[in-house]
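For reference, the structure discussed in these notes is given below.
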Amino acid sequence: MHDIRAIRENPAAFDAALARRGLSGLSSQILALDEARRAKILAAETAQAEQNRASKDVGAARARGDDAEFERLRALVAQTKADIARLTEEAAAEDAALRDLLMTIPNLPLADVPDGADEAGNVELRRWGSPRAFDFAPKEHYDIAGVKPGMDFAMAAKLSGARFVVLRGAVIRVHRALAQFMLDTHVNDHGLTETWTPVLVKEEAMYGTNQLPKFAEDSYQTTNGWWLIPTSEVTLTNMAAGEVLEEAALPIRMTAHTQCFRSEAGSAGRDTAGMLRQHQFEKVEMVSITTPGTSLAEHDRMTGCAEAILQKLGLPYRVMVLCTGDMGFGATKTHDLEVWLPGQDTYREISSVSVCGDFQARRMNARFKAPGGKPEFVHTLNGSGLAVGRCLIAVLENGQQADGSVELPAALHPYLGGRTRISADGALV
RNA sequence: GGAGAGGUGGCAGAGUGGUCGAAUGCGGCGGUCUCGAAAACCGUUGUCGGUGUGAGCCGACCCAGGGUUCGAAUCCCUGUCUCUCCGCCA
């Protein structure tokens with residue numbers, strides 16, 4: 001959420017930054033609401049102050065036994081009561097109107113974010129590794145002979161419908177190994193604190209990390225009002241909600257491996273084959289809570305943590321900076337990691353690392369303070385480290401052999417009891 | 001799921017209708033004393049919003065939301081969380 005004071009002080013800068021995201025001239029609307037709101041607050045508070053004074057006089061009149069004055073004042077206050085109720089309600093409504101508007105306005109892009117309308121405007125920062133040369137036509141993951149027995153979409157459809165999968169045997173073993181490997185790497189090499197969180201959360205948590213109010217249709221809600229997290233960014237980041245953290249405790253670096261649930265509304269027809277886009281998937285997430293002065297360096301660090309996973313697995317990838325038109329709602333800057341998928345002959349997103357500045361912190365009221373200092377909003381960052389299912393796809397497609405077997409990355413061997421490949425008939429050997 | 005108890009300032013803990021934003025203690029900060037420190041003593045010490053150049057003034061907040069009342073931390077209702085006991089359970 002945006003700082004209304006900042007908009008008040010420099011509406012032109014606010015509009016200019018939002019224009020880069022294709023939103024124009026919002027400041028005048030916001031400032032009009034803000035003025036209306038402040039006028040109502042002033043009116044309501046003035047009325048309330050008068051009543052408070054009168055109420056004290058009532059008490060004083062009674063204390064000295066002045067019954068006539070007591071009754072007179074009592075009637076007077078009773079009379080103005082309705083007015084105060086009305087004014088207070090109006091003030092609250094104005095306040096809510098402004099807040100509702102501010103909650104739906106995306107974060108401002110940093111100056112070095114490239115302009116662009118959609119993903120075509122993203123800029124490649126660097127590449128790592130080179131796609132393997134195949135002497136046969138590489139298949140998509142779900143068509144690889146050794147994978148087929150362990151990846152059952154028909155069974156999942158029977159249980160749950162489209163965009164689910166049942167995994168068995170060697171395939172799920174590799175999937176599990178990947179998650180373990182990612183967590184161990186983040187904990188041992190990158191110093192993140194492993195965390196386990198609920199996947200059902202209150203509505204306010206979803207507001208804190210800006211899934212709500214704008215993107216309600218992307219997530220699932222239970223009948224009693226919980227939301228299923230679309231990413232553990234929600235739980236990890238909201239741990240800071242309402243807190244005033246000691247500056248010395250920052251940065252807080254967390255990682256969690258959780259189920260994620262997404263309705264994928266609006267992606268009908270996209271990536272319908274295979275397990276690239278599912279309603280339920282696993283992700284190892286990274287979240288950092290930092291000070292304003294350190295968040296940009298943290299962004300690069302976090303990107304590096306995600307890259308390290310791909311490098312250790314020997315998976316070729318490229319790092320993109322998302323342009324203004326492709327960035328997520330809460331981000332000021334985002335790096336996407338795109339892994340090479342030979343079956344699709346293209347790079348596909350496997351991680352997204354964003355720095356949100358104080359945008360989420362303001363929504364959550366997450367602050368820190370230096371000793372003797374005033375509380376300030378923290379900066380929040382989140383990134384996938386990595387999407388486990390997509391990483392599985394990458395490992396399978398990049399390791400596939402002409403005979404339908406799959407060679408697995410050396411980094412995973414210790415997690416597979418020393419086994420190194422999936423045979424063409426689907427066994428882990 | 002059932003029964004009971006309880007949620008007050010950084011912490012502990014008073015306060016059961018009227019200058020209560022809230023006693024007291026601890027902690028924090030400033031000072032006196034001291035070569036320095038401790039102890040002792042004195043003073044001070046919440047957050048958010050509105051308004052004002054400013055000192056300041058005003059409003060809100062004693063888990064949350066409603067209600068009663070001229071007036072609520074205090075009374076009533078609902079929700080929520082914590083604790084104890086029982087039941088059930090991976």
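Chain identifiers are assigned alphabetically (A, B, ...) following the order of the sequence lines, protein sequences preceding nucleic acid strands; residue numbering begins at 1 within each chain. Quick caveat, the model's predicted, so the values are computed rather than measured.
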### Task
Take the protein atom CG of A:Asp3 and the nucleotide atom P of B:C48, then report the distance between them rounded to whole Å.
13 Å

#### Entry: Nearest-neighbour nucleotide for the A:Gln48 side chain, B:G59, B:U47, B:G50 considered
B:G59

### Task
Respond yes when some side-chain nitrogen or oxygen of A:Arg53 is under 4.0 Å from OP1 or OP2 of B:G59, and no when none is.
no

### Task
Select one nucleotide: of B:G59, B:G50, B:U69, the one nearest the side-chain heavy atoms of A:Ala49.
B:G59

### Message
Going by purine N1 to pyrimidine N3 plus the second Watson-Crick contact, or the G-U wobble pair, all under 3.5 Å, which nucleotide sits opposite B:C57?
### Response
B:G50

### Task
Find the partner of B:C33: check Watson-Crick (N1-N3 plus N6-O4 or O6-N4) and G-U wobble (N1-O2, O6-N3) distances, both under 3.5 Å, and reply none if neither fits.
none

### Message
Using atom C1' in both nucleotides, what's the gap between B:G10 and B:U44 to the nearest angstrom?
### Response
16 Å

### Query
Salt bridge or not for A:Arg74 and A:Glu71, using N-O below 4.0 Å?
yes

### Message
Using the C1' atom as the point on both nucleotides, what is the distance between B:C89 and B:G4, in whole Å?
### Response
23 Å

### Task
Let me know the distance between CG of A:Asp95 and P of B:G59, rounded to the nearest Å.
18 Å

### Query
Starting at the 5' end of RNA chain B, which residue's closest nucleotide do you reach first, A:Arg5 or A:Lys56?
A:Lys56

### Query
Does A:Asn52 place a side-chain N or O at less than 4.0 Å from the phosphate oxygens OP1/OP2 of B:G59?
yes

### Query
Among B:G50, B:C48, B:G18, which nucleotide sits nearest the side chain of A:Arg8?
B:G50

### Query
Do the ring planes of A:His279 and A:Phe164 sit parallel (below 30°), tilted (30 to 60°) or perpendicular (above 60°)?
tilted

### Query
Please give, in whole Å, the distance from B:G50 C1' to A:Asp34 CG?
11 Å

### Message
In whole Å, I'd like the distance from the NZ atom of A:Lys369 to the P atom of B:C48.
### Response
12 Å

#### Entry: Between A:Ser295 and A:His379: side-chain donor-acceptor atoms closer than 3.5 Å
yes

### Task
Measure from the ring center of A:Phe359 to the ring center of A:His2 and say whether it is less than 6.0 Å.
yes

#### Entry: Assigned partner base of B:A14, Watson-Crick or wobble definition, under 3.5 Å
none

### Nearest-Å distance once atom C1' is located in both B:G15 and B:C20
9 Å

#### Entry: Pair assignment for B:U68, Watson-Crick or G-U wobble, requiring both distances under 3.5 Å
none

### Message
Taking B:A14 as the reference, what is the distance to B:C26 when you measure between their C1' atoms (whole Å, please)?
### Response
15 Å

### Message
Just to be sure I understand the rule, does A:Val77 reach a base, reach only the sugar-phosphate, or reach nothing, if contact means heavy atoms closer than 4.0 Å?
### Response
sugar-phosphate

### Atom-to-atom span, CZ of A:Arg99 to C1' of B:G49 - whole angstrom
13 Å

### Query
Going by atom types alone, do A:Gln211 and A:Ser219 pair a side-chain donor with an acceptor below 3.5 Å?
no

### Query
If we take the C1' atom in both B:A12 and B:A23, what is their distance in whole Å?
14 Å

### Task
Could you tell me which nucleotide pairs with B:C89 by Watson-Crick or G-U wobble geometry, both distances under 3.5 Å, or answer none if nothing does?
none

### Message
Strictly by Watson-Crick or wobble contacts shorter than 3.5 Å, is anything paired with B:G27, and which nucleotide is it?
### Response
B:U45

### Salt-bridge contact A:Lys312-A:Asp189 (side-chain N to carboxylate O under 4.0 Å)
yes

#### Entry: Pair A:Glu264 + A:Arg270: basic N to acidic O under 4.0 Å
no

#### Entry: Watson-Crick/G-U partner (both atom distances under 3.5 Å) of B:G9
none

#### Entry: Rounded distance in Å between the P positions of B:C29 and B:G46
15 Å

#### Entry: Rounded interatomic separation in angstrom, taking CZ from A:Arg38 and C1' from B:A60
18 Å

### Message
Measure CD/A:Gln51 against P/B:G59 and give the value in whole Å, please.
### Response
11 Å

### Query
Toward the 5' end of RNA chain B, which comes first, A:Ala54 or A:Pro375, by nearest nucleotide?
A:Pro375

### Message
Does either side chain, that of A:Ser352 or that of A:Asp336, offer a donor lying less than 3.5 Å from an acceptor on the other one?
### Response
yes

### Between P of B:G79 and CD of A:Glu204, the distance in whole Å
18 Å

### Query
How far, in whole Å, is B:G6 from B:G13 if one measures between their P atoms?
14 Å

### Task
Look at A:Arg37 and B:G50 and indicate whether a side-chain polar atom (N or O) is within less than 4.0 Å of OP1 or OP2.
yes

### Query
What distance, rounded to whole Å, do you find between the two P atoms, one in B:C85 and one in B:G28?
36 Å

### Task
Just call it for A:Leu42: base, sugar-phosphate, or nothing, with non-hydrogen atoms closer than 4.0 Å on any strand.
sugar-phosphate

### Query
Does B:G4 have a Watson-Crick or wobble mate here (both distances under 3.5 Å), and if so which one?
B:C83

